[in-house]
Peer 1: 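Sending over a structure as structure tokens; questions will come in a sec.
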Amino acid sequence: FTGNASFHPRLPTAPGYDAEYLYIEEGTFVVSTTLQLQSTRRYVYRYSELDNKLSVWFVKDDDGKSVDYLFHSLEFMAASNNMSSEDARGWKAKGYHLCSEDHYDAQYDFRFRGICIEKFGIKYLVNGPKKDYIADACYERSHSTDNIAQAGL
């Protein structure tokens, strides 16, 4: 999968949240040299200052912007003394989601340049009776003026 991902700030759509972003990912999924599929995915990222929690929510398919239900909350990991200098530039987080009987373990890696996120990665380890795969995505800020992150999977 190759495409673009963007975060759109908006007013929180539920009480108890202080910040909210609509995330939109669009691109092309290449199955083989002859089969390419256009794909899109949307989530809502929410932050609660009171709880100091960041959560990721599914978006309803009918309008592409309304929050449906919780995907997972991010749990940020403490830095360790064994970190390389490259790892020390970032924050790591994890999340978990049970979809029917399939388990989604999410691993986030945020890399900074100063106070700005320069790039981030999300790895999903998915297993269960119906699914068994790893999705590993890297997002980097584009050099264009519109600040759209390039997504590659």
Peer 1: Do V59 and L22 come close enough that some side-chain heavy atom pair is under 4.5 Å?
Peer 2: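 A side-chain contact under 4.5 Å exists here.
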Peer 1: Counting the benzene-type ring for Trp, do F120 and Y108 have ring centres under 6.0 Å apart?
Peer 2: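 Ring centres of Y108 and F120 not closer than 6.0 Å.
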Peer 1: Verify the ring-centre separation between Y124 and H103: is it less than 6.0 angstrom?
Peer 2: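 Ring centres of Y124 and H103 not closer than 6.0 Å.
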Peer 1: Compare all side-chain heavy atoms of C138 with those of E140 and state whether any distance is below 4.5 angstrom.
Peer 2: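 Yes, at least one pair of side-chain atoms sits under 4.5 Å.
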Peer 1: Is there a side-chain contact between V56 and L74 (heavy atoms, below 4.5 Å)?
Peer 2: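 Yes; the side chains approach each other to less than 4.5 Å.
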Peer 1: Consider only side-chain N and O atoms of T40 and E25, and report whether a donor and an acceptor are under 3.5 Å apart.
Peer 2: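 There is no such pair (donor and acceptor under 3.5 Å, judged by atom type) between the side chains of T40 and E25.
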Peer 1: For the residue pair V44 and K65, what are the closest heavy atoms and their distance?
Peer 2: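 Reported closest heavy-atom pair: CG2-O, 4.3 Å.
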Peer 1: Looking at K130 and D102, is there a salt bridge between them, counting it only when a charged N and a carboxylate O are closer than 4.0 Å?
Peer 2: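 No, no charged N to carboxylate O under 4.0 Å.
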Peer 1: Are E118 and Y139 close enough that a side-chain donor and a side-chain acceptor fall under 3.5 Å?
Peer 2: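 E118 vs Y139: no donor-acceptor pair found between side chains.
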Peer 1: Looking at the rings of Y96 and Y104, which for Trp means the six-membered one, are their centres under 6.0 Å apart?
Peer 2: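 Between Y104 and Y96, which both carry aromatic rings, the centre distance is not below 6.0 Å.
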Peer 1: Taking C-beta and beyond as the side chain, do D105 and H97 meet within less than 4.5 Å on heavy atoms?
Peer 2: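 Not touching, per the 4.5 Å side-chain cut-off.
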Peer 1: Do the non-hydrogen side-chain atoms of K123 and L125 ever get within less than 4.5 Å of each other?
Peer 2: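 Yes, at least one pair of side-chain atoms sits under 4.5 Å.
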Peer 1: Determine yes or no for a side-chain-to-main-chain donor-acceptor pair under 3.5 angstrom, with N127 supplying the side chain and D132 the backbone.
Peer 2: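 Not confirmed, N127 side chain does not pair with D132 backbone.
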Peer 1: Can you find a pair of side-chain heavy atoms, one from Q36 and one from V31, that are under 4.5 Å apart?
Peer 2: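 No, their side chains stay 4.5 Å or more apart.
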Peer 1: Determine whether more than 12 heavy atoms belonging to other residues, nucleotides or ligands lie under 6.0 Å from atom CG of D61.
Peer 2: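 Check fails, neighbour count at 12 or below.
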Peer 1: Within the structure provided, determine whether Y45 and W57 are in side-chain contact (heavy-atom separation under 4.5 Å).
Peer 2: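 No, side chains not in contact.
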Peer 1: With a 6.0 Å cut-off on ring centres, are F29 and F1 close enough?
Peer 2: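 No, the ring centres sit 6.0 Å or more apart.
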Peer 1: Using every non-hydrogen atom in the two residues, find where E49 and D18 come nearest and quote the distance to one decimal.
Peer 2: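 For E49 versus D18, the nearest heavy atoms are N-OD2, 2.6 Å.
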Peer 1: Does OH in Y21 sit with more than 12 non-hydrogen atoms of other residues, nucleotides or ligands closer than 6.0 Å?
Peer 2: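 It does not: Y21 OH has 12 such atoms or fewer within range.
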Peer 1: Side chains of E20 and Y47: closer than 4.5 Å at any heavy-atom pair?
Peer 2: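 No; the side chains remain at least 4.5 Å from each other.
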